[in-house]
Amino acid sequence: MKHTSIHWFRKGLRLHDNPALLAALKDCAELRPIFILDPWFPKNMQVSINRWRFLMESLRDLDESLKKLNSRLFVVRGHPAEVFPALFKKWKVTRLTFEIDTEPYARQRDAKVVKLAAEHNVQVIQKVAHTLYDTERIIVENNGKAPLTYARLQTVLASLGPPKQPVPVPTLENLKDCGTPCKDNHDAKYGIPTLEELGQDPEKAGPPLYPGGESEALVRLDLHMKRTTWVCNFKKPDTEPNSLSPSTTVLSPYVKFGCLSVRTFWWKLAEIYQGRKHSAPPVSLHGQLLWREFFYTAGVGIPNFNKMEGNPVCVQVDWDDNQEYLNAWREGRTGYPFIDAIMTQLRTEGWIHHLARHAVACFLTRGDLWLSWEEGQKVFEELLLDADWSLNAGNWQWLSASAFFHQFFRVYSPVAFGKKTDKSGEYIKKYLPFLRKFPTEYIYEPWKAPRSMQEQAGCIIGKDYPKPIVVHEVVSKRNIERMKAAYARRSHSTAAQGDDKASKKGGKRKPPAGPSVIKLLAKKPAAKKN
DNA sequence: TTACAGGTTGGCCGG
DNA sequence: ACCGGCCAACCTGTA
């Protein structure tokens, strides 16, 4: 039987290593590659113009690549649950293929679509290709729970063996008996939208530093992979958060949208490592891909992963609610140049270094402003080109010492941290040019410059640039105490401990009939099964 | 049950 | 440029 296949692109915006697309092509008479502009997304999350642009560029590239295979991309507007029944009938579809997406909205969306497909006698084929492993499989292998430490993940993965090899790119030969019927009005009806159609003002887009698309991704991958020594010596903590051009690959946006297959990336690195001395996880480039796997697995296995409430691994903290602080952070008006420069780079360019994310995330939450990591998560979700549900939620919990990382007494200094790799503040001067005339000595702390010097620099602190929003030395000490208190409350509700000290000396072992049912449920089996 | 090791990326001071 | 120790002391996983 010859099929009429829809291949549904969502993430996985590529032709290489795309097993679901290959499945669509098998015994296929008619191929309909589609992308659905689902109004759920802009309604439920802010999307910056830079990320819209990246997505549209990726779709354009996909369409161009499909043209070379005598096919085209159909961009369809509407809710998937409404779009599919219409398309199934209109195109007489017999098969639907797509790559598995594990995010919560994607899961419920896809469940509905699978049901609709069954009702229309459409065969559905779903393939894992967005992660190195099937994250469900990792969880099963780890006794039904997501690993909470990197070492644990590594142990589990060792038992699963290496990730799968990428599958081949479809060729004209694959498509020789398979057509994509296109009408003259294809672009009018199924074309890729302009930024204007998406309600965006193209004037407001940032510099085109990271053009979207599979072709661009593969070029960039090749470019970086040619730097053999650099690849082999790569240690993430040694890379610089505040270099004038990125100190890392910035392949993350391409991996996020699936313009670049994580397996292709993995095996390319393996090829380079082969026979050479090289760095190892967690700090190596392989290690970075495993971090992604770590958080993806956590996102699948931990309920309410992008929230504090109802999230069993997340410490419940009494974060403040302060819109003024939040706006100042978001808009780069905290008065700490290092923080404000990073937030400016984020807003204008859509990418900041991982350690820069650490600095501003710590500052927003446990370090200085004591605001909820969920607020930071929303801002990153809007502004980052590589905004990725699982990684964003996981890393915000990490940095706020809410989960995974617990040494809350290690606080980043908004002054000292940046100096380690950029003593003279070139990075600050690039993104906050109005500070450029301050002498090096004061570039991280311009409020300490004498008035005459501020005048000479043409920038009065408190007028042209804000005074520090908080005094780091004071608030960070207080916040450590608040974290300590939050952790103490947690141990009361989860374990047998009464008062920290009392329980150690033979207090009652019986867990209190708990306020936190969720935590008990999560904790108990963990303690028993291992 | 209890102890202990280890945790991708802290700051600061002194050598 | 890099080390060690101190600060004060969290968690998870394992034995």
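We name chains A, B, ... by the order of the sequence lines, and we start the count at 1 in each one. For clarity, every value in this text was computed on a predicted model and none was experimentally measured.
Taking 4.0 Å as the cut-off between side-chain N and carboxylate O, A:Arg107 and A:Glu136 count as a salt-bridged pair. By the 4.0 Å N-to-carboxylate-O rule, A:Glu309 lies too far from A:Lys307 to be salt-bridged with it.
For A:Tyr412, the side-chain atoms get nearest to B:dG11 when compared with the rest of B:dG11, C:dT12, C:dC11. When each of C:dT14, B:dT8, C:dC11 is scored by its nearest atom to the side-chain atoms of A:Arg152, the top-ranked nucleotide is C:dT14.
Where stacking is scored as ring centres under 5.5 Å apart with planes under 30°, A:Trp291 registers as stacked on the base of B:dT8.
Atom OH in A:Tyr150 sits roughly 12 Å away from atom P in B:dT9 (whole-Å rounding). Computed from coordinates, the A:Met483 CE to C:dC11 C1' distance equals 11 Å when rounded to whole Å. Following rounding to the nearest Å, A:Asn479 (CG) and B:dG11 (P) show an atom-to-atom distance of 16 Å. Rounded to an integer number of Å, the gap from CG of A:Leu148 to P of C:dC11 is 13 Å. Rounded to whole angstrom, the span from the CG atom of A:Leu399 across to the P atom of B:dT8 amounts to 13 Å. The distance from atom CZ of A:Phe408 to atom P of C:dA9 is 8 Å, rounded to the nearest whole Å. Protein atom NZ of A:Lys477 is 14 Å distant from nucleotide atom P of C:dA9, rounded to whole Å.
Between the side chains of A:His224 and A:Arg227, at least one donor-acceptor pair of N or O atoms lies under 3.5 Å.
For an aromatic pair to be called close, the ring centres must be under 6.0 Å apart, and A:Trp329 with A:Tyr325 fails this. Proximity of the aromatic rings of A:His358 and A:Phe417 is defined here by a centroid distance below 6.0 angstrom, and this criterion is not met.
No donor-acceptor contact under 3.5 Å links the side chain of A:His406 to the base of C:dT12.
The shortest distance between the side-chain N/O atoms of A:Lys420 and the OP1/OP2 oxygens of B:dG11 is below 4.0 Å. A:Lys484 has a side-chain polar atom (N or O) that falls below the 4.0 Å cut-off from OP1 or OP2 of C:dA9. Dashed line: the shortest gap from a side-chain N or O of A:Arg410 to OP1 or OP2 of C:dA8 is not under 4.0 Å.
Across all strands shown, nothing is found opposite B:dT9 as a Watson-Crick or G-U wobble partner with both distances under 3.5 Å. A 3.5 Å limit on both hydrogen-bonding distances identifies B:dA3 as the Watson-Crick or G-U partner of C:dT14.
B:dT8 sits 14 Å from C:dT14 when the P atoms are compared, rounded to a whole Å. With C1' as the reference atom, C:dA8 and B:dT2 are 22 Å apart, rounded to whole Å. Spacing of C1' atoms, B:dA3 relative to C:dC7, comes out at 24 Å, to the nearest Å. Straight-line distance between the C1' atoms of C:dA9 and B:dA5: roughly 15 Å, to the nearest whole Å.
Within 4.0 Å (heavy atoms only), A:Phe405 reaches no atom of the nucleic acid at all.
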